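The structure appears below as structure tokens.
Since the structure is predicted, the reported quantities are computational estimates derived from the model, not experimental observations.
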Amino acid sequence: MHYDLLIRNAQVVDGTGAAPFRADVAVRGDRIAALGDLGDITTTASAADEIDADGLYLAPGFIDVHTHDDTNVIRTPEMLPKLSQGVTTVVVGNCGISASPVTLAGEVPDPMNLLGQAEDFRYASFAAYAEAVEAATPSVNVAALVGHTSLRSQVMDDFARPASDAEIAGMERLLCQALGEGALGLSSGLAYRNAFHAPTAEMEPLVAAVGRAGGVYTTHLRDEFAGLFGAMDEAFATARHGRVPLVISHLKCAGAGNWGGAPHALEKLERAARRQVAHCDCYPYTAGSSTLDLGQVTDEIEIVITWSEPHPEQARRPLADIAADWDVSLLDAARRLQPAGAVYHNMSEDDMRRVLAHPLSMVGSDGLPNDPHPHPRLWGAFPRVLARYSRDLGLLPLAEAVRKMTGLSAANFGLDDRGVIRTGAFADLTLFDLGSLADSADYDTPIAPARGIEMVMVNGVIGYRQGAATGERAGRMLHRTRRITDAPSRPIHSMENL
């Protein structure tokens, strides 16, 4: 039997949560052709390329379910921040902001400016965006949500109010067209000022359209601080009304006064998941990052400015130091810096660990690739889960950690034949040395590839090997091809076992 690639003697972590097992994996074309003991290459099999993976772990390529790579997969198709940490698929269009279906002229509304400049929003339809992704041939696969704020930008000239019936109808038309062209579903970012004034009455018709099409609804909750639990209830109710699977984006208990709330938040998620399909994603850090939001300015946490349009010289400095230099309040300093970006050290380690370990959570980086001094999660989220939280701290078994970034993610976003190692699945694979695996990126030096990622394959093509990109890119645009309403989930365990 002849194969294009034969990976010998790997410890296979197949993405289902099953214990690792030793096996050979053969690849032909873009698929896994065989799995198991494939015998002596001289007698039973031959391959154009062979990798001896003795002592290494082979997992499905990691699926980053929460990214803001919408325009970067086209402008910087090498996608090194993701490829170098073993990611083979990115889900874009999160937090209510997407590159399509959008055309813009002039100023880019916040937080859509996280995705690029006005000239980067030139895809009037989802089909046009998908065509541009395919033409760019990024190194990773791309699946896309449609952002609610992006829809608002196409039909409203004033965000500080609810949409009218006619405007809701206009958003629904754009959304339905995108869903028909293969979008995964809808995302919202109701905490942001340009979506905050959207009431439930605005969201329900849009989410119902997603439910009819068989998509998924993801939401950056209206409040991740003191109003977290009420915002979760709103999200559950909206998704139930629309009969649509729900993913709560980067579930967290933000703000010092909210620390310790994770057990109750996860209990609410468990209760909801008994009546509807509900999950969350998270990243393995205690700091968040976004645009500089006046509503999050407080002296209770450290806030570090990462960029500022009017004052670029203040980047990489704590907001408190800037305010002291200018002899103004924190709030006045923040106003003077806007538009700007910031890292907010606003979570507790214990809360974050509880969310990460929960069986209903997936891993997403939430990295901001256009930030000149990004949060380290952009380059290090996935190796950090495996190395620090699984290997070093024993927070969760390796097989469960891999499931959270592969099989569970593929199921919840309808990515068929991805996220698992089995015969017939797509050959999206990540080979790593668990002993040396480490996230090199930190807050001081955030742009740094992980250590220990030996090989990354996308659709049967090796794009990254032994610390460097190969120059071969084989990523694809992944369209939704089925209803996602029946996404499987493992039984929910009691919080007492976490």
Side-chain angles (χ1 to χ4, degrees), residues 7 10 13 51 53 55-69 71-92 136-142 283-285 287 289 306 316 343 363-392 398 401-402 404-406 428-459 461-475:
I7 301 172
V13 192
I51 295 174
L56 304 176
Y57 285 83
L58 185 68
F62 306 143
I63 299 170
D64 191 343
V65 297
H66 194 107
T67 84
H68 297 289
D69 297 322
T71 64
N72 298 80
V73 294
I74 298 169
R75 293 186 289 113
T76 57
E78 299 78 16
M79 292 296 295
L80 267 179
K82 298 302 170 66
L83 191 66
S84 65
Q85 58 178 307
V87 170
T88 58
T89 297
V90 296
V91 177
V92 303
T137 317
S139 67
V140 297
N141 299 310
V142 181
Y283 46 81
Y285 300 86
S289 181
T306 60
R316 306 180 65 172
V343 168
V363 177
S365 71
D366 197 16
L368 303 178
N370 299 307
D371 195 316
H373 188 73
H375 189 301
R377 64 195 182 187
L378 178 66
W379 287 80
F382 290 81
R384 185 173 176 84
V385 172
L386 298 177
R388 175 169 172 76
Y389 290 102
S390 178
R391 180 196 65 202
D392 296 345
L398 178 66
V402 169
K404 287 173 169 292
M405 52 182 71
T406 58
D428 293 348
L429 300 168
T430 294
L431 185 68
F432 59 92
D433 181 347
L434 185 59
S436 65
L437 189 66
D439 55 308
S440 303
D442 58 28
Y443 293 102
D444 293 327
T445 309
I447 299 175
R451 298 191 300 273
I453 300 294
E454 296 295 320
M455 185 274 291
V456 183
M457 169 177 279
V458 180
N459 295 313
V461 175
I462 296 176
Y464 190 84
R465 197 164 187 176
Q466 296 178 334
T470 65
E472 299 292 323
R473 306 199 307 265

What is the minimum heavy-atom distance between [X] and [Y], and which atoms define it?
| X | Y | value |
| --- | --- | --- |
| Val402 | Pro60 | CG1-CD, 4.1 Å |
| Ala381 | Pro284 | O-CG, 3.5 Å |
| Arg75 | Asn370 | NH2-OD1, 2.9 Å |
| His373 | Pro446 | CE1-CD, 3.5 Å |
| Asp371 | Ser289 | OD2-OG, 4.4 Å |

Are [X] and [Y] close enough that some pair of their side-chain heavy atoms sits under 4.5 Å apart?
| X | Y | answer |
| --- | --- | --- |
| Met457 | Thr88 | no |
| Ile453 | Ser84 | no |
| Leu386 | Phe62 | yes |
| Val73 | Val90 | yes |
| Asp366 | Arg377 | yes |
| Asp428 | Asn141 | yes |
| Phe382 | Asp439 | no |
| Pro376 | Tyr285 | yes |

Between Leu368 and Leu378, is the side chain to side chain contact (heavy atoms under 4.5 Å, CB included) condition met? List the steps. CA-CA 6 Å; Leu368 303 178; Leu378 178 66; over 6 Å; no
Return the orientation label for the His66 and His68 ring planes: parallel under 30°, perpendicular over 60°, tilted otherwise.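 Perpendicular: the ring planes of His66 and His68 meet at over 60°.
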Students often mix this up, so state it plainly: with edges at 30° and 60°, are the rings of Tyr283 and His375 parallel, tilted or perpendicular?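 Perpendicular.
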The test is side chain to side chain donor-acceptor pair (under 3.5 Å); show your working for Thr137 and Arg473 and say whether it passes. CA-CA 6 Å; Thr137 317; Arg473 306 199 307 265; 5.4 Å; no
Set of residues satisfying side-chain contact (heavy atoms from CB on, under 4.5 Å) with respect to Ala387, sequence neighbours excluded: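 Checked Ala387 against side-chain contact (heavy atoms from CB on, under 4.5 Å); matches are Arg391, Leu437.
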Ring-face cation of Arg384 near Tyr389 (centre distance under 6.0 Å, axis angle within 45°):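 The answer is no, since Arg384 fails at least one limit relative to Tyr389.
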Please determine whether a side-chain nitrogen of the Lys or Arg among Asp69 and Lys82 lies less than 4.0 Å from a carboxylate oxygen of the Asp or Glu.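 Salt bridge: yes.
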